[in-house]
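Beneath this line is the structure, given in structure tokens, with notes to follow.
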Amino acid sequence: MKSVEENVLNIDSQLTDERRLFFRDLYDKHHVALCRFLKKLGIAEDNMADIAQDVYVRVVRQNDPDKLADAPRSYLYMIATNLYRDIIRRNNRNLVNQHVEFDDEKSATTLTSPEIRSQSEESLERLKQAIRELSPKKRKVLLLQRFHNLTCQEISQDLGIPLRSVQRYLNEALAFCQSRVGEME
Amino acid sequence: MKNKTDKQFSDAEKQAVEWFLALQSDTHLSETQLIDYANWLKESPEHEDLIARCESSWNLMGLLEDDPEFSAYTHEHLPISESYLSSMTHWSRYAVASLAVLLISLSLIYFDFLPTDELSDNVTYYQTVTGQQQIVNLKDGSVVTLNTATELHIDYSKNTRHVFLERGEALFEVAHNPERLFTVYAGAGEVRALGTKFNVRVRDKQVIVALLEGKVEVETESHNKINTDKVTQTLFPGEQTRFTSQGEITRVEKIDPQLVTQWKNRNLSFTDMPLHEVVEEINRYTTMKLVVADPAIVNKRLSAYFYIDNVDSFLSAIEELFDIKSTQQAGKILLSQSESHNQ
């Protein structure tokens, strides 16, 4: 079996020695905890090593030092959870299109093809219309959070609306938008 | 048209939205919460599907940030708030400094930064302050023009030409050299060229690449929460594309090359553009910031053409033509509807 360096750290040959040490250290400190977490997610022993490795690959790729410095373990868990979601999604798809061979790589590269592009333009139009139909309060809360990345607490203070209402507006606004965007024509 | 009221959302929909927003927020979820989420996902294929829908709406919504209609909604019914007043007093301290900076006009600095030994690696930093522009002539014959408030560093080696555009805007006129790819890194993406002329502008949440001559390839790595995809877009002359900080590339738009590079001549022109966007554009060049202090005129559309060092002429023109008066206050220029308009 290859070492962590060979498998993970070589994906980016431009990593400085300092970063390399940093990731090495991250691995040493959190690997056991990560594996325990993966086990709790229900990852089988056979796949454990591969999936743990994928987690590190993403960490190196995303190269987000702030998040790593802030709470490295939570960040690793978060990435692991997202990977887990990918697995679930792939399984779900395979259930639906058992005869259609699904090529993940292909779907990524055709993302800009005219067909898909016009599809997303249509979704964008639906989203715009949904936002226009929201009540001004819901709309404002939603967009403040999305555009300015304000927390519910901050929005509550800024607008003088109780925190619980802000959370409710946000939930309802997004529920409305996603239902509109996902609607079948 | 189906018009769902809140009561009509299914439990799964409500849960999906809650999970999605919780995962989206900066506060970390605990290990137990993440496990709960994972178990919830596993319960039914519908659950993952709903999360994907939330995510796609959320990502799409990010594209609207620069759309004046939607950014204006965040100002909707917003009185001139306390935070606004406190920021004014804060700025008044800079009033004197800003006048001084306004006097700095176009400075042309010709630089030969590569040492005689061209084989060695070399990183050079360039920076312009607000209102300043700078032309950098590179040893390989390429020319980079920095617009206002721009920061970039250039890293040339034997086989590569790398430019890291940290913020602001720059026009690249790349000398043809098939052996040495010229790559501009900006935001979540990169622009690759052999010999071309193109403009790259880094905004808060997006990067805009406009091609004037030749051909470039724009590639981003989109880090949405699901996975990392590489997306590539080739541009032809007269086209521009944008990509977000998440690496999503939007559709290709046609542009007028003249307009894209007019900043080089310190000209600004706007055609039928909402006032708040016009103001945002002008503020890139001046330290005495314009502020739209009157919600009634935020979306007023106007067309104008003027020299960036002469904001006064712009102000008197909009007073005359659009009934917008300007008053100077605490180091800012406040724009509001002039009284004559209401008579």
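Computed from a predicted model, the values in this text were never measured in an experiment. Reckoned from all heavy atoms, side chains included, excluding hydrogens, waters and symmetry mates. Chain letters run A, B, ... following the sequence lines, proteins first, then strands; residues in each count from 1.
- Only the side chain of L21(B) has a heavy atom closer than 4.5 Å to any heavy atom of chain A.
- For H31(A), the ring pair (Phe, Tyr, Trp, His ring centres under 6.0 Å) partners at least two apart in sequence or on another chain are Y27(A), Y56(A).
- Rounded to the nearest 0.5 angstrom, Q24(B) CD and R146(A) CZ are separated by 7.0 Å.
- Residue L170(A) touches chain B through both its backbone and its side chain, counting heavy-atom pairs closer than 4.5 Å.
- The closest donor-acceptor contact from the side chain of R53(B) to the backbone of V181(A) lies at 3.5 Å or more, if one exists at all.
- Distance OG1/T81(A) to CG/L23(B): 8.0 Å, rounded to 0.5 Å.
- Within the 4.5 Å cutoff, the side chain of L127(A) has heavy atoms near those of the L64(B) side chain.
- A pairwise comparison of heavy atoms in S57(B) and L174(A) identifies CB-CD1, 4.5 Å as the closest pair.
- Neither the backbone nor the side chain of A16(B) comes within contact range of chain A, judged by heavy atoms closer than 4.5 Å.
- When heavy atoms are compared at a cutoff of 4.5 Å, K205(B) approaches chain A solely by way of its side chain, counted from C-beta outward.
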Report task. Using the side chain to side chain contact (heavy atoms under 4.5 Å, CB included) rule, take L41(A) and L34(B) through it: C-alpha gap first, then chi angles, then the decisive distance, then the call. Result -> CA-CA 9 Å; L41(A) 283 178; L34(B) 289 174; 5.9 Å; no
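- What you find for L124(A) and L60(B) is that their closest heavy atoms are CD1-O, 3.7 Å.
- The parts of L143(A) that come within reach of chain B are both its backbone and its side chain, each placing non-hydrogen atoms under 4.5 angstrom from that chain.
- When the candidates N39(B), I51(B), L29(B) are compared by the number of heavy-atom contacts under 4.5 Å with chain A, I51(B) comes out ahead.
- Note: N92(A) CG to K42(B) NZ = 12.0 Å, rounded to the nearest 0.5 Å.
- Using a 4.5 Å cut-off between heavy atoms, Y84(A) contacts chain B through its side chain alone, with no backbone atom that close.
- Other residues, nucleotides and ligands place no more than 12 heavy atoms under 6.0 Å from the NZ atom of K215(B).
- In this structure, the separation between CG on N171(A) and NZ on K14(B) is 10.0 Å, given to the nearest 0.5 Å.
- For Y169(A), the ring pair (Phe, Tyr, Trp, His ring centres under 6.0 Å) test picks out no residue, with sequence neighbours left out.
- What you find for F9(B) and A175(A) is that their closest heavy atoms are CE2-O, 3.4 Å.
- Rounding to the nearest 0.5 Å gives a distance of 8.5 Å between CZ of R73(A) and CD of E31(B).
- Within the model, atoms CZ of F70(B) and CG of L142(A) stand 11.0 Å from one another, a figure rounded to the nearest 0.5 Å.
- Counting heavy atoms from C-beta on, the side chains of Y73(B) and L134(A) never come closer than 4.5 Å.
- A salt bridge links R132(A) with E69(B): the closest approach of a Lys/Arg side-chain nitrogen to an acidic carboxylate oxygen falls below 4.0 angstrom.
- Only the side chain of S56(B) comes within less than 4.5 Å of a heavy atom of chain A; its backbone N, CA, C and O stay farther away.
- More than 12 heavy atoms of other residues, nucleotides or ligands sit less than 6.0 Å from atom CG of D67(B).
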